[in-house]
Structures are given as structure tokens and as C-alpha cells.
> 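Take this structure, written in C-alpha cells, and hold onto it; I'll ask about it next.
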Amino acid sequence: QVQLVESGGGLVQAGGSLRLSCAASGFIFSAYNMGWFRQAPGKEREFVAAAISRSGVTTSYADSVKGRFTISRDNAKNTVYLQMNSLKPEDTAVYYCAASKAFTRYGKDYDYWGQGTQVTVSS
């Protein structure tokens, strides 16, 4: 019954912006920390950002996206977002949202994962 469905991916030019959404169902969304991960071709999955279960309290970002990406969540809508600005070609990857009982940047600690959405940034 657990579902995490990402949307909002697509093709964007370098310097542009994109907003990803992840709609959650089948679990108590407000009790879970939410994270975004990405995996580029030929590379390992990497942490992007996380938001604590209590909306607006605290967030965490990978150094590579600090100042450009913003994670947010709306617990009333069971949705987590990733606003991506000033996109670079190296941001190209499949982006996944995930849910964890712990506030962590380690993928193995996440319990639920979405199917991923492709983000492609052209130069």
C-alpha cells in the first residue's frame, strides 16, 4: 500500500529551474523524515536533501546542491518537494524521494522509495 510517486522531472537548460514533487500514501507521512536522492549514469546513488518529519524545523543538503536546491514538505498534502534552481549539467540524474524514521542522509536508513523521475540538464 505504500506509495511514493515523484513527478516534475524533465529536460531543462543549464541555469534553469525545476520543481520536483513526491506524493506519499500508505504510511503516516508526518511521522517520517523525507529525503531526495539521485543517481547519475555510471555513478552511485547520492544524497541530495532531507527534511525532518516536523515540517519546517530543519533540513539537510549535500554540499553540491547547497544554495541552489530547497527541500520542503506539506504534511497536510503528504507531499515533499525539491525546488531546483541554477541547474547544472552535472545535476542530470534520476531523482528519488524516500521516507525514513530517522533523519539521515544514508540511503540504507530509508524505508520507502519512489520510482524516480528523470532530470536532464542541457548545457
Side-chain angles (χ1 to χ4, degrees):
Q1 304 302 112
V2 172
Q3 294 279 350
L4 293 173
V5 181
E6 301 96 334
S7 62
L11 175 65
V12 64
Q13 292 184 335
S17 298
L18 208 58
R19 191 191 197 202
L20 306 184
S21 299
C22 175
S25 61
F27 64 99
I28 304 174
F29 180 80
S30 61
Y32 279 76
N33 307 293
M34 298 298 299
W36 286 96
F37 294 78
R38 68 187 183 186
Q39 187 168 25
K43 299 186 68 176
E44 297 293 320
R45 179 185 62 195
E46 66 175 344
F47 169 80
V48 176
I52 200 165
S53 58
R54 184 177 173 183
S55 183
V57 172
T58 189
T59 57
S60 180
Y61 297 93
D63 288 343
S64 60
V65 307
K66 284 183 179 178
R68 300 189 298 119
F69 290 10
T70 303
I71 187 171
S72 61
R73 63 189 294 165
D74 187 339
N75 285 351
K77 296 181 178 179
N78 285 6
T79 302
V80 62
Y81 306 93
L82 185 68
Q83 178 67 47
M84 304 184 293
N85 298 325
S86 302
L87 282 162
K88 306 174 181 179
E90 50 262 47
D91 294 318
T92 295
V94 177
Y95 283 71
Y96 301 89
C97 70
S100 175
K101 293 293 290 185
F103 185 60
T104 175
R105 58 177 62 205
Y106 295 102
K108 69 177 183 179
D109 292 328
Y110 283 75
D111 302 300
Y112 309 126
W113 292 83
Q115 82 289 349
T117 186
Q118 177 71 46
V119 172
T120 303
V121 184
S122 62
S123 59

> At their closest point, which heavy atom of G10 faces which heavy atom of L18, and how far apart are they?
N-CD2, 3.8 Å

> Which value, rounded to the nearest 0.5 Å, describes the distance between M34 atom CE and S72 atom OG?
11.5 Å

> Report the distance from atom CZ of R73 to atom SG of C97, rounding to the nearest 0.5 Å.
11.0 Å

> Provide the closest heavy-atom pair for V2 versus G26 in the form atom of the first, atom of the second, distance.
CG2-O, 3.6 Å

> Report the C-alpha distance between K66 and D63 in whole Å, list the side-chain angles of each, state the deciding distance to 0.1 Å, and finish with yes or no for salt bridge (Lys or Arg N to Asp or Glu O under 4.0 Å).
CA-CA 5 Å; K66 284 183 179 178; D63 288 343; 3.3 Å; yes

> Any chance you could measure I71, atom CD1, to I52, atom CD1, to the nearest 0.5 Å?
11.5 Å

> If you measure from CH2 on W36 to OG on S60, what distance do you get to the nearest 0.5 Å?
15.5 Å

> Establish whether Y112 and Y81 are linked, either directly or via other cluster members, by ILVMFWY side-chain heavy-atom contacts under 4.5 Å.
no

> So, taking the atom named CG in L4 and the one named CD in Q115, what distance separates them when rounded to the nearest 0.5 Å?
8.5 Å

> Would you please classify the geometry between the Y95 ring and the F69 ring as parallel, tilted or perpendicular, with 30° and 60° separating the classes?
tilted

> Less than 4.5 Å apart, any side-chain heavy atom of L87 and any of Q13?
no

> Hey, does the side chain of Y110 reach the backbone of T104 with a donor-acceptor pair shorter than 3.5 angstrom?
yes

> Identify whether V94 and L20 are in the same connected component of the hydrophobic contact network (ILVMFWY, side-chain heavy atoms under 4.5 Å).
no

> Can you see which heavy atom on T59 is nearest to which on F103, and at what distance?
C-CZ, 4.0 Å

> A quick test of your reading: do over 12 heavy atoms of other residues, nucleotides or ligands sit less than 6.0 Å from CD1 of I28?
no

> Would you check if the side chain of N33 reaches a backbone N or O of A102 as a donor-acceptor pair within less than 3.5 Å?
yes

> A side-chain contact here means heavy atoms from C-beta on lying under 4.5 Å apart; do R38 and V65 qualify?
yes

> Checking S53 against Y32 for the side chain to side chain contact (heavy atoms under 4.5 Å, CB included) test, could you report, in this order, the C-alpha distance in whole Å, the side-chain angles of both residues, the deciding distance, and whether it holds?
CA-CA 5 Å; S53 58; Y32 279 76; 5.5 Å; no

> State the OG-CG distance between S30 and D74, to the nearest 0.5 angstrom.
11.5 Å

> Within a strict 4.5 Å, meaning less than it, do heavy atoms of the V119 and M84 side chains meet?
yes

> Can V48 be reached from W113 by stepping across I, L, V, M, F, W or Y side chains whose heavy atoms are under 4.5 Å apart?
no

> Taking V121's backbone N and O only, do any of them form a donor-acceptor pair with T92's side chain (distance below 3.5 Å, no angle check)?
yes

> Between S100 and Y106, is there a side-chain heavy-atom distance shorter than 4.5 Å?
no

> Taking all non-hydrogen atoms of both residues into account, name the closest pair between A93 and Q118 and its distance.
O-NE2, 3.4 Å

> Go through the steps for Y61 and R68 under the test side chain to side chain contact (heavy atoms under 4.5 Å, CB included), then give the verdict.
CA-CA 10 Å; Y61 297 93; R68 300 189 298 119; over 6 Å; no

> Any idea which heavy atoms bring S123 and A14 closest together, and the distance?
CA-CB, 4.2 Å

> Check E6 against Y96 and note the closest heavy-atom contact, atom names and distance.
OE2-CA, 3.2 Å

